Amino acid sequence: QVQLVESGGGSVQAGGSLKLSCAASGLPFNNYAMGWFRQAPGKERQFVAAISWNGGTTYYGDSVKGRFTISRDNAKNMLYLKMNSLKPEDTAVYYCNAGPLLSRTTGWGIHNGLHGTVDYWGQGTQVTVSS
């Protein structure tokens, strides 16, 4: 059974930083491309960042480029998202993801990692940025 468990969310003031973590189990993490999405109240889920199976390639949504950094530790089956210079519009629930949605979003093929046929999601972690 695949499990993705996010942590590290919280409340910060604008300009602050947070680091999110995602612990993965039940899938060949080392072989999968992984990503982060977010969803703000009343809005559709939005792509944030993706990372290839070996960490060698990353891809970011336009709204977070230059502020967020995605990384992974394959030895620990962990995915991370370091968020700097946070803005109130970054307020959302952040979700860890593995699956075909990430492939469709990034345009990545198998050379960047497996995507499988099922989208896996964590329970999400809330990030709130106040002005």
Side-chain angles (χ1 to χ4, degrees):
Q1 182 181 357
V2 176
Q3 280 196 311
L4 302 175
V5 180
E6 301 95 337
S7 61
S11 297
V12 295
Q13 290 194 326
S17 299
L18 281 174
K19 185 175 183 179
L20 306 183
S21 300
C22 172
S25 62
L27 79 168
F29 182 80
N30 291 7
N31 297 330
Y32 263 75
M34 298 293 297
W36 291 94
F37 289 76
R38 67 187 182 186
Q39 188 165 19
K43 295 189 176 181
E44 292 187 352
R45 194 165 290 189
Q46 180 187 39
F47 169 74
V48 176
I51 189 166
S52 62
W53 66 276
N54 63 353
T57 303
T58 56
Y59 183 69
Y60 295 93
D62 288 342
S63 60
V64 306
K65 280 181 186 175
R67 300 187 298 123
F68 290 11
T69 302
I70 189 171
S71 62
R72 66 192 297 162
D73 185 338
N74 284 350
K76 297 180 179 179
N77 281 14
M78 293 292 295
L79 178 72
Y80 304 101
L81 184 69
K82 182 66 188 302
M83 305 183 295
N84 295 326
S85 303
L86 282 161
K87 305 175 181 180
E89 51 264 43
D90 294 318
T91 295
V93 178
Y94 284 71
Y95 297 92
C96 178
N97 168 265
L101 174 60
L102 198 62
S103 176
R104 294 196 299 273
T105 302
T106 61
W108 286 357
I110 197 170
H111 61 286
N112 278 320
L114 298 180
H115 295 283
T117 59
V118 176
D119 277 302
Y120 297 109
W121 299 95
Q123 82 288 351
T125 186
Q126 176 71 46
V127 172
T128 302
V129 185
S130 57
S131 58

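Because the structure is predicted, anything quoted here is derived from the model rather than measured.
Separating the CG atom in L79 from the OG atom in S21 is a distance of 8.5 Å, to the nearest 0.5 Å. Taken to the nearest 0.5 Å, the CD atom of E89 stands 10.0 Å off from the OG atom of S131. Distance CE/M83 to OG/S17: 8.5 Å, rounded to 0.5 Å. Of the inter-residue distances, the one linking N77 atom CG with L4 atom CG reads 10.5 Å to the nearest 0.5 angstrom. Interatomic distance, OG1 of T125 versus CH2 of W36, reported as 7.5 Å (0.5 Å rounding). Here CZ of R38 is found 5.5 Å from CZ of F68. Values are rounded to the nearest 0.5 Å.
Here the closest heavy-atom approach between residue L20 and residue V127 is recorded as CD2-CG2, 4.0 Å. Across all non-hydrogen atoms, the minimal contact from Q46 to S63 is NE2-OG, 3.8 Å. In this structure, R67 and S85 approach most closely via the heavy-atom pair NH1-O, 2.9 Å. Contact detail for V48 and V64: the closest heavy-atom pair is O-CG2, 3.4 Å. Residues G122 and Y95 share a closest heavy-atom pair of O-CD2, 3.6 Å. Between P100 and G116, the shortest heavy-atom contact is CD-O, 3.8 Å.
Residues I70 and L27 are members of one and the same hydrophobic cluster, defined by side-chain heavy-atom contacts under 4.5 angstrom among Ile, Leu, Val, Met, Phe, Trp and Tyr. Connection of L81 to Y59 is not established within any shared hydrophobic cluster, with ILVMFWY side chains joined at heavy-atom distances below 4.5 Å, either directly or through further cluster members. Residues I51 and V5 do not share a hydrophobic cluster, defined by chaining ILVMFWY side chains whose heavy atoms lie under 4.5 Å apart. Taking hydrophobic clusters as Ile, Leu, Val, Met, Phe, Trp and Tyr residues chained together by side-chain heavy-atom distances below 4.5 Å, Y60 shares a cluster with L86. I110 and L101 fall into different hydrophobic clusters, where Ile, Leu, Val, Met, Phe, Trp and Tyr residues are linked whenever their side-chain heavy atoms come under 4.5 Å apart, directly or through other members.
With a 4.5 Å cut-off on side-chain heavy atoms, C96 and W121 do not count as touching. Put simply, the side chain of V2 does not reach to within 4.5 Å of the side chain of V118, judged on heavy atoms. Here the side chains of T106 and N112 are not in contact, with every heavy-atom distance at 4.5 Å or above. L102 is listed as a side-chain neighbour of F37, based on a closest heavy-atom distance under 4.5 Å. Proximity of Y94 to E6: side-chain heavy atoms (C-beta onward) are nowhere separated by under 4.5 Å.
Judged by distance alone, the side chain of T128 and the main-chain N or O of T91 form no donor-acceptor pair under 3.5 Å. The backbone N or O of T69 lies less than 3.5 Å from no partner atom in the side chain of Y80, so there is not a single donor-acceptor pair. Proximity of a side-chain donor or acceptor of R72 to a complementary backbone N or O of A33 within less than 3.5 Å is not detected.
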Under the criterion side-chain contact (heavy atoms from CB on, under 4.5 Å), I'd like the reasoning laid out for L114 against W53: C-alpha separation, chi angles, the key distance, then a yes or no.
CA-CA 8 Å; L114 298 180; W53 66 276; over 6 Å; no

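Between K87 and D90 there is no salt bridge, since no side-chain nitrogen of the basic residue lies less than 4.0 Å from a carboxylate oxygen of the acidic one.
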